[in-house]
J.: 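First, the structure itself, so that you have it in front of you.
It should be emphasised that the depicted structure is a prediction, and the values quoted were computed from it without experimental measurement. By convention here, the first residue in the shown sequence is residue 1.
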Amino acid sequence: MVRELAEYEKALDEVHATEEQLREALFGERPAAFAHIAEGDDGEPVGFALWFLHFSTWRGVHGIYLEDLYVRPERRGGGHGKALLTELARICVERGYERLEWSVLDWNTPSIDFYRSLGARPQDEWTVYRLTDEALTALGSQDVRAQEGTA
């Protein structure tokens with residue numbers, strides 16, 4: 001389903017995760033991420049929510065960052081996405097987390113409409129930035145001590 005999601009988001013070439021990496025991240029000694037699987041009435045997996053904890057310095061508590069929410073196209077409209085988000089909201093309420101956040105592609109109107117129907121609102125004043133590949137390597141390879149005092 002990870003590859004299906006990437007194909008839907010027109011980013012299949014960006015998928016580098018292996019089954020082993022996902023297994024370690026989700027089920028290893030110190031899990032870094034968590035997942036919930038939605039099943040159809042037939043017991044077949046039809047969707048998933050992959051998330052991790054983040055921390056708000058303003059609120060002083062953890063929250064959930066939803067990295068991916070995916071329901072197979074032929075199973076959409078059956079309540080699976082809402083059930084997954086409802087479970088994450090329940091975890092937030094139960095554990096005292098004050099935020100459930102995620103990103104959505106600007107062109108993904110069906111998802112945006114779905115999220116709005118649940119009461120979610122966009123955070124238009126924020127822009128997501130990302131370092132990957134060569135830019136991440138270049139910055140991470142610099143000697144920070146040599147740059148102190150230049151900021």
J.: So H54 and Y65, would you call those rings parallel, tilted or perpendicular, with 30° and 60° as cut-offs?
T.: perpendicular
J.: Any donor-acceptor pair under 3.5 Å linking the side chain of E14 with the backbone of A11?
T.: no
J.: Can you tell me how far apart CZ (F55) and CG (L53) are? Round to the nearest 0.5 Å.
T.: 11.0 Å
J.: Decide yes or no for F114 and P110: does some side-chain heavy atom of the first lie under 4.5 Å from some side-chain heavy atom of the second?
T.: no
J.: How long is the span from the CH2 atom in W102 to the CD atom in Q123, to the nearest 0.5 Å?
T.: 10.0 Å
J.: With rounding to the nearest 0.5 angstrom, report the CG to CE distance, D68 to M1.
T.: 11.0 Å
J.: Step through the shown structure and confirm whether more than 12 heavy atoms of other residues, nucleotides or ligands are within 6.0 Å of CG on D106.
T.: no
J.: So, for V15 and A6, which heavy atoms are closest and what is the spacing to 0.1 Å?
T.: CG2-CB, 3.2 Å
J.: Enter the distance from T86:OG1 to I91:CD1 here, rounded to the nearest 0.5 Å.
T.: 11.0 Å
J.: Any side-chain heavy-atom pair from L50 and L66 closer than 4.5 angstrom?
T.: no
J.: Does some side-chain heavy atom of P122 sit less than 4.5 Å from a side-chain heavy atom of R116?
T.: yes
J.: Closest approach of L100 and A89, non-hydrogen atoms and distance?
T.: CD2-N, 4.0 Å
J.: How far does CD of E134 sit from CG of L136, to the nearest 0.5 angstrom?
T.: 10.0 Å
J.: Near W107 CH2, under 6.0 Å, is it more than 12 heavy atoms from other residues, nucleotides or ligands?
T.: yes
J.: Check whether more than 12 heavy atoms from other residues, nucleotides or ligands sit under 6.0 Å from atom CD of E7, and answer yes or no.
T.: no
J.: Give, for atom CG of D113 and atom CG of N108, the distance between the pair rounded to the nearest 0.5 Å.
T.: 9.5 Å
J.: Does E19 CD have over 12 foreign heavy atoms under 6.0 Å away?
T.: no
J.: Check whether more than 12 heavy atoms from other residues, nucleotides or ligands sit under 6.0 Å from atom CD of E74, and answer yes or no.
T.: yes
J.: Treating R72 as the side-chain partner and G47 as the backbone partner, does any N or O pair qualify as donor plus acceptor under 3.5 Å?
T.: no
J.: Which pair of heavy atoms, one from A49 and one from L88, lies closest together, and at what distance?
T.: CB-CD1, 4.2 Å
J.: Does the distance from a Lys or Arg side-chain N to an Asp or Glu carboxylate O, for R90 and E87, drop under 4.0 Å?
T.: yes
J.: Taking C-beta and beyond as the side chain, do E9 and L105 meet within less than 4.5 Å on heavy atoms?
T.: yes
J.: May I ask you to test the Y70-R76 pair for a side-chain heavy-atom distance under 4.5 Å?
T.: yes
J.: Side chains of S56 and V61: closer than 4.5 Å at any heavy-atom pair?
T.: no
J.: Which atom pairs, one a donor and one an acceptor, fall under 3.5 Å between side chains of residues 24-46 and the rest of the protein, sequence neighbours left out?
T.:
{"from": "H36", "atom 1": "NE2", "to": "W51", "atom 2": "NE1", "distance (Å)": "3.3"}
{"from": "D42", "atom 1": "OD1", "to": "E44", "atom 2": "N", "distance (Å)": "3.0"}

J.: How close do L69 and L5 get, heavy atom to heavy atom, and via which atoms?
T.: O-CD1, 4.3 Å
